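Fair warning: this is a prediction, and the values are worked out from it, not measured in the lab.
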Amino acid sequence: MPIVVDIDVMLAKRKMSVGALADRVGITPANLAVLKNGRAKAVRFTTLEALCEVLECQPGDLLRWEPEETAAPGGTVPDGTEPGGTEPGGQPD
């Protein structure tokens, strides 16, 4: 996933535990773990706002974008498809 969640970094900088952050933000430790481990599909702005308030940071300190994996030599990405999600020599999915 190209969006990377850096909550671990801010927790370490603030010397705060996941449980303490979850309590102060008002979400369950399990939901915070889903977000922290990059498994969340979305995050509410109210949750992001609360995270930033508690951690005294900006949204960009918690979230960053990284490009998809780059094409390997020969024009394919590591899963064997061509850039754009097509099978070698095939049509898009």
Partners passing side chain to side chain contact (heavy atoms under 4.5 Å, CB included) against [X] (at least two apart in sequence or in another chain):
| X | value |
| --- | --- |
| P29 | A22 |
| T28 | A30, N31 |
| A33 | N37 |

Any idea which heavy atoms bring S17 and A20 closest together, and the distance? OG-N, 3.0 Å
Minimum-distance pair of heavy atoms, taken over all atoms of C52 and P59: SG-N, 3.5 Å
Would you mind listing every salt bridge (Lys or Arg N to Asp or Glu O under 4.0 Å) that reaches into [range], with sequence neighbours excluded?
| range | answer |
| --- | --- |
| residues 25-37 | D8-K36 |
| residues 16-25 | none |
| residues 43-65 | D6-R64, R64-E66 |

Of L63, T46, I7, the residue whose pairing with L51 passes side-chain contact (heavy atoms from CB on, under 4.5 Å): I7
How far does SG of C57 sit from CZ of R14, to the nearest 0.5 angstrom? 6.5 Å
To the nearest 0.5 Å, tell me how far L48 CG sits from L62 CG. 6.5 Å
Verdict with supporting geometry, M16 and L55, side-chain contact (heavy atoms from CB on, under 4.5 Å): CA-CA 9 Å; M16 186 181 296; L55 293 170; 4.2 Å; yes
Are [X] and [Y] joined in one hydrophobic group, where the rule is that I, L, V, M, F, W and Y side chains link up if heavy atoms are under 4.5 Å apart?
| X | Y | result |
| --- | --- | --- |
| V18 | V5 | yes |
| V34 | I27 | no |
| W65 | V9 | no |

With side-chain contact (heavy atoms from CB on, under 4.5 Å) as the test, would you mind laying out the steps for L32 and V25 before giving the verdict? CA-CA 9 Å; L32 182 57; V25 170; over 6 Å; no
